[in-house]
Amino acid sequence: MTHPRTSRPHLRTVSITGVGSHVPERVLTNADLEKLVETSDEWITSRTGIRERRIAAEGETTADMAAKAAARALANAGVKPEDLDLIIVATITPDMPFPSTACLVQHRLGAVRAAAFDIEAACSGFVYALDIGSHFVASHTYNTVLVIGAEKMSSVIDWKDRNTCVLFGDGAGAAVLQNRPAAHGLLTTCLGSDGGKAGLLEVRGGGSACPATAKSVADGMHYLRMDGKETFKNAVNAMVTAATDALDRCGLKIEQIRCIIPHQANQRILAAVAERLGAGPDQVFSNVERYGNTSAASVAIALDEAVQGGRIRRGDLVLLVVFGAGLTWGSAVIEW
Ligand code: ACO
């Protein structure tokens, strides 16, 4: 096994020293959705594997969920908020256009020394944030970085659109990045994008191209729209490529990976990616059944559950692989 990061002597290794997550209390089941749109538990389960998702309470925001996940990650890492140097929040559902959700989280945590900013790479956001945050630690710029994926997808869902409203859920996950001299940690990250396919999955209103007006609201421009079939095909291809690139960079074979954590979009996407990679079902972590697609929070929540549930132990090789609107995609290999 080669270690692309550590082979450059001026860079430090970067470990994930604590993870945490938070999902809202309210559960929305497929039976509940049957009352909202013309759909069925059978259709949703067979097409997506999703049985229920969590929906934030009225007034519960992305920053609220992010701060709760972050507090757990900090506790698990044994890090005090005032020791944080940087907070990065990946989200497509920020509390507001500005200031950043990361600044709201910084204040809520009492992370008085930390710089804070948001990044936006849709469902790929957590791996993008992990990659960005790790470079600050590797380059000795900062010692302790908090990366968070958090979404209130229910705030951009058209509850009359059965093509999308059955797929998404709310939640947040977080990880603390630090240098642990004896550990290999993050071995590599790969990121990619294709803006030529931006129209496959988008919220068109609310930005400079289509500011909010009474007409933009009436026309449903502030809701998420998706070409499901094309998104599905692109997701599988991009995730297979991203995973393969990351393994190749590390000189690893898929069978050496203890736990693969793919973006939890849809059980059929997870199965197709696993099959094309030659991975066994026991290697792939899935909680999509309980949470649906929580976008940037998805792999962060899954990583936390895999760690707390004992699926990942010290020394295990872990592969994260993600895909989202943009299009964007990414992967990371971690020696835990
Ligand atoms: N209940 C019942 N029928 C539905 C529903 C629903 N909830 N949603 C759509 N349909 C209907 C459609 O209207 C369509 O009907 P028509 O043929 O009469 O027009 C039909 O079902 C479509 O059926 P299929 O083509 O068999 O559906 P498909 O197998 O493509 O599954 C799905 C649709 C689940 C959306 C799939 O395309 C998918 O998972 N795509 C990827 C979605 C995704 O993961 N996006 C996010 C990834 S990136 C990110 O996370 C930001």
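Both counts, for ligands and for their atoms, begin at 1 and track the order of listing.
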Just jot down the ligand 1 atoms closer than 4.0 angstrom to any heavy atom of [X], in number order.
{"X": "Val166", "result": "7 (N)"}
{"X": "His263", "result": "49 (C), 50 (O)"}
{"X": "Thr48", "result": "34 (C)"}
{"X": "Arg268", "result": "29 (O), 31 (O)"}
{"X": "Asn266", "result": "34 (C), 38 (C), 39 (O)"}
{"X": "Ala265", "result": "44 (O)"}
{"X": "Gly324", "result": "48 (S)"}

With respect to [atom], which of [options] exhibits the smallest heavy-atom separation?
{"atom": "atom 48 (S) of ligand 1", "options": "Leu224, Leu201, Val288, Leu327", "result": "Leu201"}
{"atom": "atom 22 (C) of ligand 1", "options": "Phe323, Trp43, Trp329", "result": "Trp43"}
{"atom": "atom 47 (C) of ligand 1", "options": "Asp41, Leu33, Thr231", "result": "Thr231"}

Could you check [atom] against the protein and tell me its nearest heavy-atom contact, residue, atom and distance included?
{"atom": "atom 13 (O) of ligand 1", "result": "Arg162 NH2, 2.9 Å"}
{"atom": "atom 41 (C) of ligand 1", "result": "Gly228 O, 3.5 Å"}
{"atom": "atom 43 (C) of ligand 1", "result": "Met226 SD, 3.8 Å"}
{"atom": "atom 51 (C) of ligand 1", "result": "Cys123 SG, 2.4 Å"}
{"atom": "atom 46 (C) of ligand 1", "result": "Asn293 ND2, 3.5 Å"}

Practice item. For ligand 1, indicate whether the residue Ile269 contacts it via side chain, backbone, both or neither (heavy-atom separation under 4.0 Å). Key: side chain
Check your understanding: If we only count N/O pairs under 3.5 Å, is Arg47 in contact with ligand 1?
Key -> yes
Check your understanding: When you look at CD of Glu275, are more than 12 heavy atoms from neighbouring residues, nucleotides or ligands closer to it than 6.0 Å?
Key -> no
